[in-house]
Structures are given as C-alpha cells and as structure tokens.
Q: 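I am attaching a structure below and will ask some questions about it afterwards.
Just so you know, these numbers use all the heavy atoms, side chains as well, and skip hydrogens, waters and symmetry mates. Lettering follows sequence order; numbering is per chain, from 1.
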Amino acid sequence: MHDLKIFREQLDLLRDGLRRRGALDALAPVLDRGVSLEKERRTLIQAVEERKAARNANAQEVAKRKKAKEDADELIAQGRALGDEIGRLEGELGGVEAELQRLLLEIPNITLPAVPEGGEEHNTIVREWGTPRARDGVRPHWEIGAALGIIDLERASKISGSGFVVYRKAGARLVRSLLNYFMDVHRDEHGYEEVWPPLLVNRATMTGTGQLPKFEDDAYATRGDELFLIPTAEVPVTNLYRDEILEASALPMGFVAYSKCFRREAGSAGKDTRGVLRTHEFDKVELVRYSTPEASGDQLELLTRHAETMLERLGLPYRRKLLAAGDTGFSSAMTYDLEAWAPGVGAWLEVSSCSCFTDYQARRANIRYRPAKGEKPRFVHTLNGSGLAFPRTLACILEHYQNADGSVAVPEVLRSYLGTDALR
RNA sequence: GGACAGGUGGCCGAGUGGUUGAAGGCACCGGUCUCGAAAACCGGCAUACCGGUUAACCCGGUAUCGAGAGUUCGAAUCUCUCCCUGUCCGCCA
C-alpha cells in the first residue's frame, strides 16, 4: 500500500510507475479521484479539529465555572451544538477516508528502475545454470511417481478431491528430506532464524500481507472462527513484527520457515495442473528478510542466491528470470522467478519467486525501524522468496534423475536424509 | 466450553467523570560533578495526522490508556460488544 501523500507529493512518479506496468489507462480515474479526495480529506480534518479544539476549550471553561459554582448552562449548550457538528463532519470524513483506503488498495507498487517496462513478453532471462536434459525418453513425474508407488493422485482425490496428492513410501520421505535439507542449509550456512509458524492466522494478519480483502476468494477460511489457512509462510512470518518498531542494529533480519501452503486456486483451473504442478495444498520452505531501504537491492540478490544455491546443490538446471513490470506481482517492486527444467513435462517450472516489496508491504503491516536513537521511525523493506517449493522441485528431481530402467538417482546432498542413493 | 481476575507509555506501576499525554519508579540519552567511573543532582525521553514554516530545527492543533460503539458540555475513569492474557474446572493430541 502506498502512502496517502503520494496523491499530493509524488503523482508523477506514481503515473510513470503505472505506465511501466501498462496499468495507467485503467487506473487513471482512480488517481484523479484520489487526488481530489485527498484534498477533501484535509479540508474536513481541519474543520473537525478546529471544532474539537473549541469543544475542549469549552469543556475546560465549564469545569472552571462549576468549580466556582457559577452558571454554565450557556456554555453547555454551545458544547452540545459543537458536538453535533463534529459528529456530522466526522461522518463525512469517515466516508472520504474509507473511499481513499479502497482506492489505495487498487494501486500496485512501483517497480524499481532495473525492471523492464511492459508485459511478460519483456521478461528477461538473466542467468542460466546447468545443462537441461533432453526430453527424449523421459517420462513425466506423474508416471514415474505412479510406477514407483510414491505419488498417489487417485487416492488423494478420493480422500480430499482434485488438486491434492498423497506421497507414499520414499516419496513421503523425500518430502521430509527436502524439508530438513533446505532448513539446515538456510539456517546453518545462510544464517536465517528458523521459524515454525501457525498455519491458521487471523484476518489482521492476512490483511497485513495483502491477501485480504482483495483476494479473499483465494484463501481457505475456517467455519465460525474467522481464521484463514495461510497460502504461504510469508504471511505469518512477515507479520511477526507487525505494528512494531525495530532497532536498526537488528537489520537485516532473515527468517526461514517451512509450511504447508493452502490455495483455492479459484481462477487458475486447468492451467499446469498435471501431476503435482498445481495443488490446493503443498509444502514450501520460505525465506523472509527485513532490510533497510538502502540495502534492499543487495538483499534481493542475496536472497535469490540463497534460493539458487538449493537448485545448484540438487544439481537441477535452472534459469533466473527478471519479470517485466507488467508481470511483476501487485505488491512487488522487483521479482526474479527461478525456473527449473522438468524434462518429462518439457517445461521450465517456477520453483521460487524472489521479490523485494520495498516499503509497500511494511507500510500496510506497519513494520518500522529506528535508524538511530532519537530519529523518526521508517518503514523497513521486506523481501521474500521460496527456498524452495517442494512439489515442483520433487517433479524436477524425478524427471532429471530418471534412469532408463525406471529408477531415479537421488541427488548427492539428499542421500543421507533419504537413506538411499536411488528410488526403485 | 464454564467460572473468576485482569489488559495504562520500552518495562513496572498510580489513577473511578473536569488544567492527565497521563504521578512515581526502572531502563535509556545529554549535562553538572570527577583524573576517570560510580553515586548524587539537573534536563530529556511515544506515535500518527492537520496547519504554520519547510532545508532542518521549531511552533500551534487533533487523536491515541487492548479494539470498536455509546452516554456526557467533557471519558483512562460510566455502559455495551468484541479481542487478548492469567488462574481454576471440563474436554483433549
């Protein structure tokens, strides 16, 4: 969310940002409305506060007279009239502020200068690692998984519905191995604090990271308790310090959290849904960082490297894609997608999305830090990225390491976790 | 789920309708003192918004005592709803 002041002080910057996303035409009326409402808001605030000041002075005077046993009836009548007027003006102000709030929620973050303008056709591959395996003779992971008895989609749909998966035997253990391996590396080598967050969170938390109110249809909600199942660990972890002011010396902070992720995928039926590519419930290790505004660019590179390291250690060929402005997520100022090659599916699979949100998320969640003693608090910059998402990583492993005899070699780094060097 | 007891500034803690943004203490920062330190003393020490000025400092105003609504000329203080915490009981991995 942007600061209200953007309508008054940084309109050109905002216009240009929207243009780069290709969203200016659609949002121009929102901006115009915002500018005039912002003015109206200030006018109303002045009117209200002027009367409140009068009311407070009046109340003091009443107190004084009462103490002196003097008559105050006239003042009390004046106070009552002021009160009525304040009530009326505040009602008006409330309406204006509510609409402003709604407008602000419709305006996406402004992307950083390094982000290419335009739509997804301007996405840029900025890094490639490894040699993608040829598709010839490679079966997709759902066939491999079924043959090995480690991915059971039929029974998953029986017990839960479509878009769910049961991992069995070595498949189940493989999930657990990824969890432990990822957590270990990010904690021990990359210096993240390990966090094990709740999967059910309240409305304020979902609102803090922007899932609500706009995307309520995408979230699973509990009946009767006003709790939501998290779509990513980003939600509880970023909200850890909601409404707090941090010490500058604490930054940057890094958190690594494993979680189940729950997504209704309301609008994406039929796209990339084979096998485990898109499910309603999946596992992911998430990296979250808080940084000072000055350092957030470097922090994005660092975070992205942390995620890439996992693919390199697993020996999976991948590429880093810098998303163009129009393809960059609503709250994000800059995003790299990491795509690993799945030779069986014959596609690059997004296994991580690393973003810098600048202060857009922090403002909404009210996460600040104090640069130095006595200075005013500033919003932190928040960043996050998967490190990594399990199902697609698992699919890539099965396909990339598939042998001619139907067995699958286990990546070196997972062997001690999995207790075997091959799945057969 | 039931019954009590609570939620006040970074922390502790006073305060039941009228100069209370809020006593006092602790912590922290600056100063005096000291060769230096401690102690003592003096001063400072929330956030947001609006306006004036705007380069910064600053000045005036408004709001905030868990959240929201209400009563009142006036609410930390009274009423209602909700949230959270603690203790006991019940249930339970």
Q: Expressed as a whole number of Å, how far does the P atom of B:U62 sit from that of B:A22?
A: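 Per the computed distance, 13 Å lies between those P atoms.
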
Q: I want to check one thing: is the phosphate of B:U19, taken as OP1 and OP2, less than 4.0 Å away from some side-chain N or O of A:K67?
A: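 Answer is no, no contact under 4.0 Å.
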
Q: Check for a donor-acceptor pair, side chain of A:R320 on one end and backbone N or O of A:R305 on the other, with a separation under 3.5 Å.
A: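 Looks like no, no N/O pair under 3.5 Å.
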
Q: Can you tell me the distance, in whole Å, between the CG atom of A:D3 and the C1' atom of B:C50?
A: 14 Å

Q: Between A:K260 and A:D283, is there a side-chain N and carboxylate O pair less than 4.0 Å apart?
A: yes

Q: Can you check the distance between B:G68 and B:A63, where both ends of the measurement are the C1' atom (answer in whole Å)?
A: 15 Å

Q: With the threshold set at 4.0 Å, does a side-chain nitrogen-carboxylate oxygen contact exist between A:R370 and A:E375?
A: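 Between A:E375 and A:R370 there is no salt bridge, as every charged N stays at least 4.0 Å from the carboxylate O atoms.
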
Q: Using the C1' atom in both, what is the distance from B:G70 to B:U87, to the nearest Å?
A: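 Approximately 32 Å lies between the C1' atom of B:G70 and that of B:U87.
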
Q: Please find the pair of heavy atoms, one from A:A233 and one from A:K284, that lie closest to each other, and give the distance.
A: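 In terms of heavy atoms, the two residues are closest at N-NZ, 4.1 Å.
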
Q: Taking atom C1' of B:A46 as reference, at what distance in whole Å does atom CD of A:E247 sit?
A: 14 Å

Q: Looking at the rings of A:F357 and A:H381, which for Trp means the six-membered one, are their centres under 6.0 Å apart?
A: no

Q: Check each of A:L27, A:T111, A:V115 against A:R21 using the side-chain contact (heavy atoms from CB on, under 4.5 Å) test, and report the only one that passes.
A: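 Of the listed options, the one satisfying the test is A:T111.
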
Q: So which one's nearest nucleotide on RNA chain B is more toward 5', A:E38 or A:I245?
A: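 Result of the comparison: A:I245.
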
Q: Could you run down nucleotides 56-77 of chain B 5' to 3' and tag each one B, S or - for protein heavy-atom contact under 4.0 Å?
A: -----BBS---------BS---

Q: With respect to the phosphate group of B:G51, does any side-chain polar atom (N or O) of A:R42 fall under 4.0 Å of OP1 or OP2?
A: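 The answer is yes; a side-chain N or O of A:R42 sits under 4.0 Å from OP1 or OP2.
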
Q: Taking only the P atom of each, what is the distance from B:U47 to B:G10 in whole angstrom?
A: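 That atom pair is separated by 9 Å.
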
Q: Taking only side-chain nitrogens and oxygens of A:R368, does any of them come within less than 4.0 Å of OP1 or OP2 of B:A48?
A: yes

Q: Roughly how far apart, to the nearest Å, are B:C33 and B:G18 at atom P?
A: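 That atom pair is separated by 45 Å.
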
Q: Round to the nearest Å and state the distance from A:L4 atom CG to B:C50 atom C1'.
A: 12 Å

Q: Measure the distance from CG on A:L89 to P on B:C50 and round it to the nearest whole Å.
A: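 To the nearest whole Å, that distance equals 17 Å.
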
Q: Within this structure, what is the CD-to-P distance between A:E61 and B:U19, rounded to whole angstrom?
A: 14 Å

Q: Could you state the atom-to-atom distance from CZ of A:R242 to C1' of B:C83 in whole Å?
A: 13 Å

Q: Considering only the C1' atoms, how many Å lie between B:U16 and B:U71, rounded to the nearest integer?
A: 16 Å

Q: When rounded to the nearest Å, what value does the distance between C1' atoms of B:U8 and B:G13 take?
A: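 It comes out at 9 Å once rounded to the nearest Å.
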
Q: From the options A:W196, A:F182, A:F282, select the one residue that forms a ring-ring contact (aromatic ring centres under 6.0 Å, His included) with A:Y258.
A: A:W196

Q: If you look at every strand shown and take non-hydrogen atoms under 4.0 Å, does A:R370 touch a base, only sugar-phosphate, or nothing?
A: sugar-phosphate

Q: Could you tell me how far apart A:L44 (CG) and B:G51 (P) are, to the nearest whole angstrom?
A: 12 Å

Q: Could you give the distance separating B:U64 and B:U53 at their P atoms, to the nearest angstrom?
A: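 Here B:U53 and B:U64 have their P atoms 28 Å from each other.
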
Q: Answer with yes or no after comparing the ring centroid distance for A:F7 and A:H2 against a 6.0 Å cut-off, counting only values under it.
A: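 So the answer is no for these two rings.
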
Q: Rounded to whole Å, how long is the line connecting atom CZ of A:R363 with atom P of B:C49?
A: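 In whole Å, B:C49 P and A:R363 CZ are 10 Å from each other.
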
Q: Between A:Y220 and A:E281, is any side-chain donor less than 3.5 angstrom from a side-chain acceptor?
A: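 Short answer, no.
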
Q: In dot-bracket form, how is RNA chain B paired, counting a Watson-Crick or G-U wobble pair only if both its distances are under 3.5 Å and using | for bases paired to another strand?
A: ((((((((.[[[..)..(.....]]].(((((.......))))).(((((((.....))))))).[[[[[..)....]]]]])))))))....

Q: Are A:F255 and A:Y192 an aromatic pair by the rule of ring centers under 6.0 Å?
A: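 A:F255 vs A:Y192: aromatic centres not under 6.0 Å.
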
Q: Do you know the tightest heavy-atom contact between A:P116 and A:L322?
A: CD-CD2, 3.7 Å

